[in-house]
Amino acid sequence: MKTDFKQQAVTILENMTDPCFVLDKAWNFIFLNQPAAFLLKREKEDLLGKNVWNEFREAVGTPFYQKYHFAVQAGSPVKFEAFYEPLDTWFEVNAMPFSEGLSVFFNNINDRKKAEHLREVRMEQEKQALEANELYFRDMADNAPVMIWTTDASGYCTYLNKQWYDFTGQSMVEGLGLGWVNAVHPEDAAMAEEAFLGANRKRITYRVEFRLKHYDGVYRYVIDSGLPRYSSQGEFLGFIGSVVDITDRKVSEILLKESEERLRLATESAELGTWDYYPLTGELIWSDKCKALYGLRPDQEVDFASSLQLLHPDDRHTIEKEVQRLHHRDSGGHYDVEYRVLGLEDKKERWVKAKGKAFYNEEGKAYRLIGTLLDITENRQSAERFRFLADAIPQIVWTAEHNGNVDYWNAHWYVYTGLDFKETKAWGWQKVIHPDDLPQTVNIWEESLKTGKFYQVEYRLLRGSDRSYRWHLGRALPMKDPWGNIIKWFGTCTDIHDRKLSEENLLRANQELSKINNDLDNFIYTASHDLKSPIVNLEGLLLVLKRKIQAEGEVEKMLHMMNNSVQRFKGTLRELTEISKVQKAHDGETEEVDLSGLWEDVTGVLQHEIDRYQARICLDLEETHISFSRKNLRSILYNLLSNALKYSSPQRIPLIRVSTKRAGDYTVLSFADNGMGFSSSKKNKVFGMFNRLHTHVEGSGVGLYIVKRMVENAEGRIEVESVPEQGATFKVYFKH
């Protein structure tokens, strides 16, 4: 299954139009598709198996080098843009670490960078133009033959031009805020103030006539007109308006037009299209940018009914219902939708995001809808590619918002659970988690949401087809913004049911084996203990019998043979007792044992045998201390030295070389002799219980078995190499 999955993944990556390559942990290329080789201007065969930093030395120390290392070390995907000078190319890179290395998806973004540069230049120019317009506006306003004012969203007057102060004789302190009302005729003041504040609350166009006091004390009739202002995101900013003599109405219209032009410049700098719809008349006003998104020329006119025909057929009915919903005040008045449009001229399909707000009259009916339009085609295409890859992966894939609300499942989730998105979105997935596993699963998920740590948990997931629970491994990684804030979670659910059952079966088998071993140990101990008494009695009877009779010839020989048999039987019982002890893992506390001192103790005990065989012993201890049970280490040294003496060759003087050295996590004790040796085919038998390769030598054949168990119980190992009539070398590996 794993091999098939890898092959599917390679096939998908090979057929991707986006360039990608994969590096192993040593930074060697283990895969790259043809688009990647073309973009890197290299042949695939020249890169596979090669180190990326050797092949692209100029990249060392650049953002590519730094970001790739960060992704591997942090275990977190990175996305960045960087310029690679040797190829004179800007790249957009997505690097995603995994257990075996790093996957890199990248694209040539030279054209986009050029466009961004041009856009930045244009935005700077537009910014400067806006600033110049602001200065121009204030200069113009202060020199205009009409009075101009602005307010913030609360209705507080923030600006009055020079003509206001020249006209009314008020100071700035007297006129700002709601102080301008003091210049209105007492009979008109309440009406003028309520008309303005009411318009501000409703955010509707404001127009009212009242009498305004001139600095000479004479009241004159004026028209006060105000227009609500909005940011490019549709946020209400306040009003801008003018106060003019009735005869100066034309001037007022010009100023209003200039105000609208300032709004147009602001929205175009943000690459937003703007629209204005009047439901009562059917009039629809689009900016040039908005028309372009619908594939229209700037000079083309369109009404609401014809605009619906430019929508994708699958989205048309939904948008029509959404607009109809806004016609009534109880809808809330906010409009935020995504849909497809089909260009009238270019026939191009685009995804757009429309946001807007409705304004209502006293009857609660919408008389105006205004908003913005943004091209999100590229974002939607990226999302579609992700969904395609997610559905191609043979496991459940999901994403969640920063707060843990699941907002996407791939197709495998719906096939497995039999549920739809509405039933399992947000936190609805809890209904298919086994009740016994749910508290732990939720607690670990909430902890990951709080800390941003990698999410991993095992739980049983309900399968819809047969209502059975299967074990799954849930994992998720957070995607963070440059400031470390989580913006998205990407997760998987992997079926581990068969592995879980195997682990449970293995655990039961181990428990059963442990029980059997304990029974065997008890049997050996009981048997050896119960047999000691009759053997001792038999030995005593033989001794008495020998004293009672004058044994000669054959009788003496038979008594001697019987006594030898009794001694061998006693030796076997002792060995069985030792086997029972060594079966029970460590026998003695681990300590730092001085090997030199222990060696003198062992050779002292065996000195008679060493002298009898005239053996030569060479000792070379690089490592003088071994962390082990002192009693067990003594037994190991005794057995190995005793065997080297017993199995020495009668053709030559025994030469035994004993050495130690360090090898990684182990201290290696080596015993090499020039004795009788044995063939390699018998290597596995030498450590068996009661195995004796040379029957002419006395012994029970359990010494090396006991040595092997002592070493393995302490997480070490023992190895042997031997050649007949040349000798044998035993190597014991003691773990640090």
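In this text, all values refer to a predicted model and were calculated from it rather than measured experimentally.
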Where W429 and V442 come nearest, the two heavy atoms and their spacing
CH2-CG2, 4.3 Å

Checking N443 side chain against P439 main chain: does a donor-acceptor pair fall under 3.5 Å?
yes

Compare every heavy atom of P654 with every heavy atom of Y613, then report the nearest pair and how far apart it is.
O-CD, 3.2 Å

Any side-chain heavy-atom pair of L621 and W599 under 4.5 Å
no

Atom NE2 of residue position H608 - does it have more than 12 heavy atoms of other residues, nucleotides or ligands inside 6.0 Å?
no

Are the side chain of D673 and the backbone N or O of A728 linked by a donor-acceptor pair below 3.5 Å?
yes

Report yes if some heavy atom in the side chain of S648 is under 4.5 Å from a heavy atom in the side chain of M676; otherwise report no.
no

Please assess K735 against D665 for the test salt bridge (Lys or Arg N to Asp or Glu O under 4.0 Å), listing each intermediate value before the final yes or no.
CA-CA 6 Å; K735 191 162 186 179; D665 294 334; 5.8 Å; no

More than 12 heavy atoms of other residues, nucleotides or ligands under 6.0 Å from OH of Y638: yes or no?
no

Other residues, nucleotides and ligands only: do more than 12 of their heavy atoms fall within 6.0 Å of CD on E592?
yes

Whether the side chain of S642 engages the backbone of N639 through a donor-acceptor N/O pair (distance < 3.5 Å, no angle test) should be reported.
no

When rounded to the nearest 0.5 angstrom, what is the spacing between CG in D594 and CD in E600?
8.5 Å

My understanding is that only one of L619, V658, T660, T624 makes a side chain to side chain contact (heavy atoms under 4.5 Å, CB included) with L595; could you say which?
T660

NE2 on H736 to CD1 on I626, rounded to 0.5 Å
9.5 Å

Please report the interatomic distance OG(S502) to CD1(I496), rounded to the nearest 0.5 Å.
11.0 Å

Might you point out which heavy atoms bring F671 and L640 nearest each other, and give the distance in Å?
CD1-CD1, 3.6 Å

So, do R657 and D620 sit near enough that their side-chain heavy atoms are less than 4.5 Å apart?
no

S722 side chain vs F678 backbone, donor-acceptor pair below 3.5 Å
yes

Between CG of N674 and CD of E725, what distance do you get to the nearest 0.5 Å?
10.5 Å

Flag the pair K450 and E446 as a salt bridge only when some basic side-chain nitrogen lies within less than 4.0 angstrom of an acidic carboxylate oxygen.
no

With a 6.0 Å cut-off on ring centres, are F29 and F21 close enough?
yes

Locate the shortest heavy-atom distance separating T729 from S670; write the atom from each residue and the value.
CG2-OG, 3.7 Å

Which residues satisfy the ring pair (Phe, Tyr, Trp, His ring centres under 6.0 Å) test with Y416, sequence neighbours excluded?
H472

With a 4.5 Å limit on heavy-atom distance, are the side chains of V93 and K67 in contact?
no

Is atom NZ of K500 surrounded by more than 12 heavy atoms (other residues, nucleotides or ligands) closer than 6.0 Å?
yes

Ring centers of Y455, W489 separated by less than 6.0 Å:
no

Non-hydrogen side-chain atoms of T417 and R463 separated by less than 4.5 Å:
no

Nearest non-hydrogen partners of P97 and V72, listed with the distance:
CB-CA, 4.4 Å

Checking R634 against L598 for the side chain to side chain contact (heavy atoms under 4.5 Å, CB included) test, could you report, in this order, the C-alpha distance in whole Å, the side-chain angles of both residues, the deciding distance, and whether it holds?
CA-CA 7 Å; R634 184 184 185 282; L598 191 61; 3.9 Å; yes

Regarding E55 and R42, does a basic nitrogen lie under 4.0 Å from an acidic carboxylate oxygen?
yes

Taking everything shown except Q614 itself, do over 12 heavy atoms lie less than 6.0 Å from its CD?
no

Crowded around Y666 OH? As in, over 12 foreign heavy atoms under 6.0 Å?
yes

Taking every non-hydrogen atom, the tightest pair across K44 and L32
CE-O, 3.1 Å

Indicate the ring-plane relationship of W445 and W398, choosing parallel, tilted or perpendicular according to the 30° and 60° boundaries.
perpendicular

Any residue meeting side-chain hydrogen bond (donor to acceptor under 3.5 Å, both in side chains) with R616, in chain and number order, not counting sequence neighbours
none

Taking everything shown except K50 itself, do over 12 heavy atoms lie less than 6.0 Å from its NZ?
yes

Face-on cation placement of R475 at F490 ring, 6.0 Å and 45° thresholds
no

Aromatic contact between W471 and Y459, with the criterion being ring centroids under 6.0 Å apart: yes or no?
no

Beyond-backbone contact of Q440 with I444, side-chain heavy atoms, under 4.5 angstrom:
yes

Within a strict 4.5 Å, meaning less than it, do heavy atoms of the L704 and N643 side chains meet?
yes

Please determine if E719 and K731 form a salt bridge, counting it only when a charged side-chain N lies under 4.0 Å from a carboxylate O.
no

Could you state the interatomic distance from CZ (R57) to CG (N51), rounded to the nearest 0.5 Å?
8.5 Å

Heavy-atom count around E591 CD within 6.0 Å, excluding the residue itself: above 12?
yes

From I396 CD1 over to D495 CG, what is the distance, rounded to the nearest 0.5 angstrom?
8.0 Å

Would you sort out whether T494 and Q395 count as a side chain to side chain donor-acceptor pair (under 3.5 Å), showing the intermediate values?
CA-CA 6 Å; T494 305; Q395 64 185 139; 2.5 Å; yes

Should Y68 and V104 count as side-chain neighbours, where that means a heavy-atom distance under 4.5 Å?
yes

